Number of protein chains: 2
Amino acid sequence: MSNSKNRIKDIAKLAGVSVGTVDRVLHERGKVSEVAMKKVQDALEKINYEPNLLARTLGTKKKHQIAVLIPNAESDEYWLQSKEGVEQAASEWAQYDFQIAYYFFDLSDKRSFNQVAEAVYQAQPDGILVSPIFYQETLPFLAFFKNKSVPYVLFNTNIPEVRAISFIGQNLYESGKVGGELASLGHQGYGTFAVLHIHEEIQNSVHLIEKEKGFRAYFEENHPGRILVKSLSLSSSQEDGITELLADPDLNGILVTTSKGISMIAALLEKSGRKGIKLVGYDLLENNIAYLKTGTIDFLIHQNPRRQAYLGINYLANHLLLKKVPPSEVLFPLEIITPQNVNSYLNYILKIY
Amino acid sequence: MSNSKNRIKDIAKLAGVSVGTVDRVLHERGKVSEVAMKKVQDALEKINYEPNLLARTLGTKKKHQIAVLIPNAESDEYWLQSKEGVEQAASEWAQYDFQIAYYFFDLSDKRSFNQVAEAVYQAQPDGILVSPIFYQETLPFLAFFKNKSVPYVLFNTNIPEVRAISFIGQNLYESGKVGGELASLGHQGYGTFAVLHIHEEIQNSVHLIEKEKGFRAYFEENHPGRILVKSLSLSSSQEDGITELLADPDLNGILVTTSKGISMIAALLEKSGRKGIKLVGYDLLENNIAYLKTGTIDFLIHQNPRRQAYLGINYLANHLLLKKVPPSEVLFPLEIITPQNVNSYLNYILKIY
DNA sequence: CTGAAAGCGCTAACAG
DNA sequence: CTGTTAGCGCTTTCAG
């Protein structure tokens with residue numbers, strides 16, 4: 001009974017109504033009598049109808065607009081990569097009349113988020129991709145669109161209670177554990193391991209605390225009682241605390257939770273001349289890559305911002321066009337970059353995204 | 001003058017001919033006078049025409065068939081994963097009338113390849129995805145289709161001289177280097193490192209030799225003269241040589257180049273009771289994952305067969321439908337799996353592919 | 001050789 | 001409320 005190629009015309013015939021009526025119930029456009037509705041629904045249950053998307057989008061003049069809210073990409077390598085992922089997805093959906101509007105806000109200024117939010121209200125997009133860095137200001141923003149039943153997907157940072165159609169990111173806690181694992185590779189004995197939060201605004205702290213918890217959990221689970229974990233939270237200007245830390249003769253490894261922070265530590269470590277301290281950081285930023293290749297940084301954990309954003313647009317487009325519901329949460333693998341495999345990542349990214 | 005939305009009708013009007021004629025020159029169907037041809041070409045140069053794919057595929061009744069030639073997936077976890085990638089891609093392209101026909105051959109029997117090849121000749125597919133395990137028998141097979149200008153993409157193993165529209169795989173040499181890096185993590189001093197080829201048919205040896213070269217190169221570049229690299233090539237029945245190897249007190253790390261081989265070594269290592277030997281293998285097979293989680297295996301390098309196959313089908317479909325030419329070679333990143341990040345991979349794969 | 005015209009499956013405007 | 005109909009842009013017969 002569930003044949004593959006059923007057209008709208010077929011179900012109309014089966015139901016004994018016209019295609020117009022079928023189309024109306026399919027799209028819940030109203031203006032259908034109870035009895036007609038029933039007939040169509042019965043027919044729909046008998047045969048398995050899958051709309052032909054080609055015909056659908058060809059026959060409709062609707063243009064979809066997706067609003068993308070991310071931190072200013074100009075000044076920031078990480079967010080630039082997100083933007084590239086969006087662009088890639090956008091180009092693939094362009095033929096279906098999807099259009100992307102970017103709204104950049106300033107990472108260091110909550111009010112800038114409210115400003116772009118205002119612009120998004122005006123634009124009345126059909127879907128939204130947002131990285132909700134600012135918790136408090138994101139809440140009313142998304143509530144507004146939830147109310148208008150405009151779908152939105154979150155990426156990078158999650159706010160579960162806004163009930164997005166999907167969240168795309170990483171498990172930060174697990175990420176911290178991998179950080180611990182990498183920082184301690186080859187160290188079986190006692191020692192000191194540090195987790196540093198650098199350069200980051202206060203708003204982001206939940207993000208970083210999660211990683212720190214994972215980092216600590218790793219040592220508790222795998223080297224209980226044998227290892228001291230230190231935590232330092234610094235802005236880039238306070239190099240003193242770090243210099244002091246690097247002087248600790250027991251220090252064996254460091255995880256820096258912010259993608260931009262690790263290269264600063266790498267520089268200080270090189271200056272100090274110390275060897276044997278494992279440095280673990282995040283993401284394929286230019287500086288990070290350079291220090292990884294020289295061996296000062298030992299490992300980078302890749303958050304894959306490109307693919308996160310790419311997937312976000314895909315989910316939105318599929319939802320809008322096909323009413324496909326995406327997974328409510330997809331957590332990316334915790335990819336480990338080393339001096340030996342970094343080139344394989346860089347080459348791949350160039351070709352694929 | 002290259003406006004975006006130019007229909008075939010527009011260029012017809014501009015050229016002063018009918019849409020039928022334009023369509024004929026667009027598809028080189030012949031039956032067009034020199035003068036008409038000229039007019040259309042002139043028009044085509046004036047305005048930038050991009051065909052509407054939706055309309056194109058809707059208006060044509062052509063069904064595309066893609067032949068997939070891979071080793072029998074029933075008995076083999078690795079190839080099963082490839083097959084799953086094909087299925088995923090197939091489901092995404094189904095609406096465009098793409099159909100997949102599988103042709104499984106026996107990894108241990110060259111003649112079985114010739115048999116399925118025969119079947120493929122009969123089927124006259126429009127595109128081919130093949131993993132060319134058997135060099136000699138693949139050559140004439142692909143020559144046949146090159147001659148018929150049926151596009152084919154290779155994955156997993158490359159044969160550059162057949163000039164596929166694309167090859168998807170990994171850089172085996174670099175992969176071996178990463179294997180060396182991982183096997184030697186935490187070992188600064190002298191020592192023995194082994195690279196083992198297990199379970200594999202002779203036909204595959206090029207594959208494995210490449211990895212071994214990379215493995216050796218890693219040590220030469222990073223620990224010159226200080227480390228002894230041993231190489232052993234074994235079928236699964238010859239456990240003696242391995243037991244002997246494991247008894248070597250200088251042994252620090254092992255890379256097993258075949259995805260199925262590593263779990264056998266892991267079992268023997270556990271039995272021997274020795275500690276501190278780094279074990280590095282390939283791929284997320286069930287047994288491998290189990291040994292990784294218990295810590296007997298330290299690292300796995302992920303070849304991502306799912307995504308390789310998935311991408312292969314995508315390239316073929318895009319080529320057939322859109323005449324898009326894929327990158328002639330895409331080398332996948334050398335993904336490193338550890339006890340701490342393995343779950344993040346397993347969860348991700350479940351959701352995405 | 002060439003133009004006209006009938007679809008492909010779906011949407012949406014329009015009479016009734 | 002409901003059926004009919006004219007497209008969407010491209011392909012593909014089919015007369016001429």
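What you are looking at is a predicted structure, and each value in this text was computed from that prediction instead of being measured. Convention: sequence-line order gives letters A, B, ...; per-chain numbering from 1. Excluded from the calculations below are hydrogen atoms, water molecules and symmetry mates; all remaining heavy atoms, backbone and side chain alike, are included.
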Value in whole Å for how far the C1' atom of C/dT2 lies from CG of B/D23: 13 Å
Who pairs with B/D126 by side chain to side chain contact (heavy atoms under 4.5 Å, CB included), at least two apart in sequence or on another chain? B/K62, B/H64, B/Q65, B/L320
Contact list for residues 146-155 of chain A, test salt bridge (charged side-chain N to carboxylate O under 4.0 Å, His left out), sequence neighbours left out: none
Sequence-distant partners of A/N52, side chain to side chain contact (heavy atoms under 4.5 Å, CB included), two or more places apart: A/L54, A/A55, B/L58
Please list all pairs meeting salt bridge (charged side-chain N to carboxylate O under 4.0 Å, His left out) that have one or both residues in residues 63-74 of chain B, counting only residues at least two apart or in different chains. B/K63-B/D97
Side chain of B/D10, backbone of B/N6: donor and acceptor closer than 3.5 Å? no
Which pairs with one or both residues in residues 31-40 of chain A pass salt bridge (charged side-chain N to carboxylate O under 4.0 Å, His left out), sequence neighbours excluded? A/K38-A/D42
Without decimals, in angstroms, what is the distance between A/K62 NZ and C/dA13 C1'? 17 Å
Does B/S166 reach the main-chain N or O of B/P327 with its side chain, forming a donor-acceptor pair under 3.5 Å? yes
Are A/E92 and A/Q88 linked by a side-chain donor-acceptor pair shorter than 3.5 Å? yes
Could you tell me whether B/N52 contacts a base, only the sugar-phosphate backbone, or nothing, with contacts defined as non-hydrogen atoms closer than 4.0 Å? sugar-phosphate
Any pair counted as ring pair (Phe, Tyr, Trp, His ring centres under 6.0 Å), so long as it reaches residues 142-164 of chain B, sequence neighbours left out: B/Y121-B/F144, B/Y121-B/F145, B/F141-B/F145
Hey, what bend do you get for the helix from C/dC1-D/dG16 to C/dG16-D/dC1 if you fit axes on five pairs at each end, rounded to 10°? 50°
Residue closer to the 5' end of DNA chain C, A/R56 versus B/V17 (nearest nucleotide): B/V17
Please give me every residue in residues 27-35 of chain B whose heavy atoms get under 4.0 Å of an atom in DNA chain C, ordered by residue number. B/K31, B/V32, B/S33
Counting any heavy atom closer than 4.0 Å, what does A/I8 reach on the DNA or RNA strands: base, sugar-phosphate only, or nothing? sugar-phosphate
Separation of atom CG in A/L26 from atom P in C/dC10, rounded to whole Å: 9 Å
Would you say that B/Y49 contacts B/L44 through its side chain, given a criterion of any heavy-atom pair below 4.5 Å between the two side chains? yes
Got a sec, which residues hit side chain to side chain contact (heavy atoms under 4.5 Å, CB included) with B/H319, two or more places apart in sequence or on another chain? B/P151, B/I165, B/P326
Any side-chain N or O of A/R7 under 4.0 Å from OP1/OP2 of C/dC10? no
Review item, nucleotides 4-6 of chain C N/O atoms under 3.5 Å of protein N/O:
none

Please list, chain by chain and in numerical order, all residues satisfying ring pair (Phe, Tyr, Trp, His ring centres under 6.0 Å) with A/F105, sequence neighbours excluded. A/F113, A/F134
Any heavy-atom pair between the side chains of B/V22 and B/V17 that's under 4.5 Å? yes
Nucleotides bounding contact with chain B, strand DNA chain D, heavy-atom threshold 4.0 Å: D/dG9 to D/dT12
